[in-house]
*Asks:* 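Quick one: the structure is below, questions incoming.
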Amino acid sequence: MKKAACVLLLSLFISFQASADDIEELLDFISDRVLSVHIELKLLDSNQEITWDAESRHVTVVGRSVNVRLVAEELIIDAYITPFGDAAENLVLVANGEIWLSDRQSGDGIRYESFIKSLPVKPEETVIFFPLGVAVDSEANIYTIQMEINVKPYKEFTGQIE
Amino acid sequence: MCPEKDILSAFFDGELDERFVSMIEAHLSECDSCREILAGFEDVRTVLHDAEIPDCAPSKRLAWSFLSDKFSSLYPRPVWKRRLLIPAPAMAAVLLLVLVLGAGLMVSIFNRRDDFGFDTVTRTHFENVQFASFEQIIEYLDARGNGGALIFTLPQDTRLQYLSEPTFIKAADYKRGRD
Amino acid sequence: MGKNQTKPGNFEYVYDITYPLLYRIAFRITGDENISEDLCQEAFIRYYKRVIPLPDQDQARYWLIRVVKNLAFNHEKRRGRELKANYKYSKEFNSPTRSGETELLRNESARIVQRALKKLPFNLRTAIVLREYGDLSYRDIAKVLGISESNVKVRVFRAREQLKKHLDEEEVDVS
């Protein structure tokens, strides 16, 4: 089935003369693997109040990353969120990436950290990724970066782009 | 008794909450200095709007010709411009996929992974960074990547620091842990 | 320009409708025609590269404005560093030849206004430009800048206050 679909896809790219039946088969195969990834980024102050908020929605397939980059004055986080597994039931989300942050303590260096985290999750179950971690005690002037991720199957092929 | 000047400024912009508008209007009918402040805002606005800017039409044309050159070199002609013999609804759906997924689709189908042998690992280390500035890091990332990054720019005056290990947790578990 | 000009979501349509506004905002923030043109071009390139187009004209507009504002900020930061290095050798920060103002700005008061705007800190300048030239509500400015509405109110007010002071100093007839 997989091979047939790949051949179909190849022929689609090359000849553009596929019949209606072939396309339907291809769509069925693909539709189980296409995912809609919703990312909501929040900045929380020490009272857990949201001081900044932004969101984005991205369409991908199982196994293909969504690249999210957070940029602040002295911070860059280059993160990849990759869904693996079965779009219908069992997903595993992997968050991996790199962080560059000005290191105040050691003068004017840049501190570098790489991370890889995985989490099994069900479709439409929200997960939260804290790239800089979570505050242990609520100190004043501490901001927390919170990335809420929600993945669900992208089943609606109406031709409308969300 | 006079309202704060930034309230007057909001009133001037029509951004003041309805409840307070009549209060301000009443005050203005009796207060010369506040009326003067408002007049000052009006004057600034007039001067700002009277100042000419260059006509954008030449720039717009020029930018467009540059853009259309750049687009044809960045991307192949979009699929929908080629003639396809496929019924309309299916075609629209396929084009959506081709547009969104491009070459990555074939790679994903071939490389489907069935074992999830990932440990939860976090590596932290200091490094002699080869970057002299954050701009260089961004250039490096742009050069390395394939241009598909969702970029979020955080507000400028936020001081951020490491609080703990990067944490990945279900929202439900997090809420439970906090309560 | 293109055949499908009236279809919303079509890139050419968005470009056609939004370019003048974007250019106006870029020019008021930077004071330079050439830079404004570059910033607008870059913003539209990024817009074209978006895989998922934005759902409506308003969203596209706010997105483009936000990109232009970020690009203007980066440009200014970079230029500030360059200029600090060159300061010994240059006479004037905003001399006409440096900032690329052409004979189009024969209007002296237009030059004065642009100088006064340039004196404002970037954050205040952006807020007042979006308000007076972008016609954005406080709510929309808040979304574009990523700050609270009350912060927008304060920035717009402070910008007005400082502008009045700078314009008075230039002896522009503000009465």
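Lettering of chains follows the sequences in order, A, B, ..., and the numbering in each one begins at 1.
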*Asks:* The criterion is ring-ring contact (aromatic ring centres under 6.0 Å, His included); which residues satisfy it with B/Phe152, sequence neighbours excluded?
*Replies:* none
*Asks:* Considering only NZ, NE, NH1 and NH2 on the basic side and carboxylate oxygens on the acidic side, decide whether A/Asp53 and A/Lys42 come within less than 4.0 Å.
*Replies:* no
*Asks:* What part of A/Ile77 gets within 4.5 angstrom of chain B, counting heavy atoms only: side chain, backbone, both, or neither?
*Replies:* neither
*Asks:* Quick check on A/Ile145 against chain B: is it the side chain, the backbone, both or neither that has a heavy atom closer than 4.5 Å?
*Replies:* side chain
*Asks:* Between A/Asp78, A/Ile149, A/Ile39, which has the largest tally of heavy atom pairs under 4.5 Å with chain B?
*Replies:* A/Asp78
*Asks:* Taking side chain as everything from C-beta outward and backbone as N, CA, C, O, which of these in A/Ile128 sits under 4.5 Å from a heavy atom of chain B? Side chain, backbone, both or neither.
*Replies:* both
*Asks:* Look only at the side chain of A/Arg57 and the backbone of A/His38, and say whether a donor-acceptor pair between them is shorter than 3.5 Å.
*Replies:* no
*Asks:* Quick one: which of A/Val127, A/Leu132, A/Thr51, A/Asn150 has the most heavy-atom pairs under 4.5 Å with chain B, could you say?
*Replies:* A/Leu132
*Asks:* Rounded to the nearest 0.5 Å, what's the gap from CD1 on B/Ile169 to OG1 on A/Thr126? Could you check?
*Replies:* 13.0 Å
*Asks:* Are there more than 12 heavy atoms of other residues, nucleotides or ligands under 6.0 Å from atom NZ of B/Lys5?
*Replies:* no
*Asks:* On the 0 to 90° scale, with breaks at 30° and 60°, tag the B/Tyr140-A/Trp100 ring pair as parallel, tilted or perpendicular.
*Replies:* perpendicular
*Asks:* Against chain B, label A/Leu43 side chain, backbone, both or neither, depending on which of its atoms sit under 4.5 Å from a heavy atom there.
*Replies:* side chain
*Asks:* Please flag which part of A/Glu148 lies under 4.5 Å from any non-hydrogen atom of chain B: side chain, backbone, both or neither.
*Replies:* neither
*Asks:* Select one option (side chain, backbone, both, neither) describing which atoms of A/Ser65 are under 4.5 Å from chain B's heavy atoms.
*Replies:* neither
*Asks:* So does B/Glu4 have more than 12 non-hydrogen atoms from other groups sitting under 6.0 Å from CD?
*Replies:* no
*Asks:* With a 4.5 Å cut-off on heavy-atom pairs, point out which of A/Thr144, A/Leu70, A/Val68, A/Val134 contacts chain B the most.
*Replies:* A/Val134
